[in-house]
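What follows is a short report on a single structure.
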Amino acid sequence: MACEFEIQNGSMELFKSSIGKNDYAMDIGSGNYGCSHYRRRCKIRAPCCNELFDCRHCHNEAKNSLEIDPLHRHDVPRHEIKQVICSLCGTEQDVQQNCIECGVCMGEYFCGVCNFFEDDVSKKQYHCDECGICRIGGQENFFHCKSCGCCYSKSMKGAHRCVEKAMHHNCPVCFEYLFDTRKDITVLRCGHTIHLECAQDMENHFRYTCPICSKSICDMSDVWEKLDKEVASVPMPDIYRNKMVWILCNDCGANSEVHFHIVAHKCPGCNSYNTRQIQGAPISSCSSRVD
C-alpha cells in the first residue's frame, strides 16, 4: 500500500529546511503512522520477497493467508531486514533510527538487532540478549530463565517449575507460536505455557487440565470434596462392589489399584480425581539386575 504523507503540496522542502532549526522536528508525526500492530514512522522492505510492509506481522499475515499457495507461505526473517522507508519523506535507506533525508525519528524505541521500531514506548520495550528478541513490560520486571529459555516475571523467580524451552512451541489450544507472540502468556502449575486468553477459554468451558500433560491447572480440592460426596451417594450394585481396577493419576503420576466406581476414581496417594483407568498393573522392568 502506498504511503500517504501528511506533508504534501510543496511543504516537504519547508519541512526539510526546518530540520536543525527546530529541536522538535524529529518528533513530527509521532503516533500518527504505523499499522494495527505498531505505531512507527517507517515501513520495512522484506528481504524474502522484496515487498514493502508496515511491519513483520503485516507481512506474515499477508504471506500466510489462505489465498497464498502453501508452498509459498513464509515469515519474514526479522534479523535480516536491511532496508526501511521513511513514512514522512519516502526515502529508502539502511536500517537506522533517524531518517537520513528528513531527520525524523522513525521509532522512539529502536532495536538495531531486531530491526524493530515503535513510537509507543509505554509498553516498556527491552531487548533480551538471551532470547534474541525484544519483549515488553520493562526489563526491571523480568528475568531470563536459562532452563526454560525465555523471560518470566520476577514474581515467578524460584517459584515456577522449569520446562526446557517452555515457550518454543505452539500454544496447545490455538496453535500460534508462543515464543514471539504478542499476546499475554501464562505459565501453568505444571510448567507448560499457554496464551492467557486460551487458558481462560478453557476454564469457561470447564476444562481444568493442561492440554499437554493433563495435570490440573488450578487448586481442585473443593471439587474433589464434592466428588467424595457424589461417590458416597452412589452405591455400586453387588456385581461391581468388589471389582478392582488400575488407574493412573494425572497429577502425581502414581499407578494404583482401586475399587471400580461409575462416577470417578480417586488416587489414594494425592486424593485427586484427575485419573484415568488403565488396562492392568504397571509392567515391571524387564532389564537385567546386577547384584
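Predicted model, so just to flag it, every value in this text is computed and none were measured.
Counting heavy atoms from C-beta on, the side chains of Arg41 and Cys86 never come closer than 4.5 Å. At least one side-chain heavy atom of Val258 sits under 4.5 Å from a side-chain heavy atom of Pro268. You'll find the side chain of Ser216 reaches within 4.5 Å of the side chain of Trp224, heavy atoms only. The closest side-chain heavy-atom distance from Val173 to Pro211 is below 4.5 Å. The shortest distance between side-chain heavy atoms of Glu230 and Tyr273 does not fall below 4.5 Å.
Within the 3.5 Å criterion, the main-chain N or O of Ser272 finds no donor-acceptor partner in the side chain of Asp251. Side-chain N or O atoms of His79 include one that pairs as donor or acceptor with a backbone N or O of Gly132 at under 3.5 Å. In terms of modelled atom types and a separation under 3.5 Å, the side chain of Arg189 and the main chain of Ile217 share no donor-acceptor contact. No donor-acceptor pair under 3.5 Å is formed between the side chain of Asn64 and the backbone N or O of Arg73. With hydrogens and angles ignored, the 3.5 Å screen pairs a side-chain donor or acceptor of Gln83 with a backbone N or O of Gln93. The backbone N or O of Gly149 lies less than 3.5 Å from no partner atom in the side chain of Glu130, so there is not a single donor-acceptor pair. The backbone N or O of His72 lies less than 3.5 Å from a partner atom in the side chain of His74, making a donor-acceptor pair. In this structure, the side chain of Thr275 does not engage the main chain of Cys267 through any donor-acceptor pair within 3.5 Å. At least one donor-acceptor pair under 3.5 Å links the side chain of Arg182 to the backbone N or O of His37.
Across Ile68 and Ala62, no two heavy atoms sit closer than the pair CG1-O, 3.4 Å. In plain terms, the two heavy atoms of Cys210 and Cys213 that are nearest each other are SG-N, 3.5 Å.
Both Tyr152 and Ile133 belong to a common hydrophobic cluster when Ile, Leu, Val, Met, Phe, Trp and Tyr are linked at side-chain heavy-atom distances under 4.5 angstrom. Residues Leu196 and Phe175 are members of separate hydrophobic clusters, defined by side-chain heavy-atom contacts under 4.5 angstrom among Ile, Leu, Val, Met, Phe, Trp and Tyr. Tracing side-chain contacts under 4.5 Å through hydrophobic residues (I, L, V, M, F, W, Y), one never reaches Ile136 starting from Met167; they form parts of separate clusters. Under a hydrophobic clustering in which Ile, Leu, Val, Met, Phe, Trp and Tyr are joined whenever their side-chain heavy atoms come within less than 4.5 Å, directly or via other members, Ile100 and Phe117 fall into different clusters. Under the 4.5 Å side-chain contact rule for hydrophobic residues, Phe260 and Val231 share a cluster.
Two rings, from Phe116 and His127, have their centers 6.0 Å or more apart. Taking the six-membered ring for Trp and the full ring otherwise, Tyr240 and His259 have centroids separated by 6.0 Å or more.
Note that CG of Asp180 and SG of Cys134 are 11.5 Å apart. Values are rounded to the nearest 0.5 Å. The CG atom of Leu52 lies 12.0 Å from the SG atom of Cys58; values are rounded to the nearest 0.5 Å. Taken to the nearest 0.5 Å, the CE atom of Met156 stands 10.5 Å off from the CZ atom of Phe142. In this structure, the separation between CE on Met202 and CG on Leu188 is 7.0 Å, given to the nearest 0.5 Å. Ile194 CD1 to His169 NE2: the interatomic distance, rounded to the nearest 0.5 Å, is 9.0 Å. For the atom pair CZ of Arg135 and SG of Cys114, the computed distance is 10.0 Å after rounding to the nearest 0.5 Å.
Among residues at least two apart or in separate chains, salt bridge (Lys or Arg N to Asp or Glu O under 4.0 Å) pairs with a member in residues 197-222 are Lys183-Glu197. Applying the salt bridge (Lys or Arg N to Asp or Glu O under 4.0 Å) definition to pairs two or more places apart or across chains, those involving residues 82-96 are Arg45-Glu92.
Looking at Arg40, Lys123, Arg39 one by one, the single match for side-chain hydrogen bond (donor to acceptor under 3.5 Å, both in side chains) with Glu118 turns out to be Lys123.
Tyr33 and Asp54 are not linked by any side-chain donor-acceptor pair at a separation below 3.5 angstrom, with hydrogens and angles left out of the test. A side-chain donor-acceptor contact under 3.5 Å links Arg276 and Asn250.
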| Worked verdict on Val163 versus His192 for side chain to side chain contact (heavy atoms under 4.5 Å, CB included) | CA-CA 7 Å; Val163 174; His192 291 121; 4.2 Å; yes
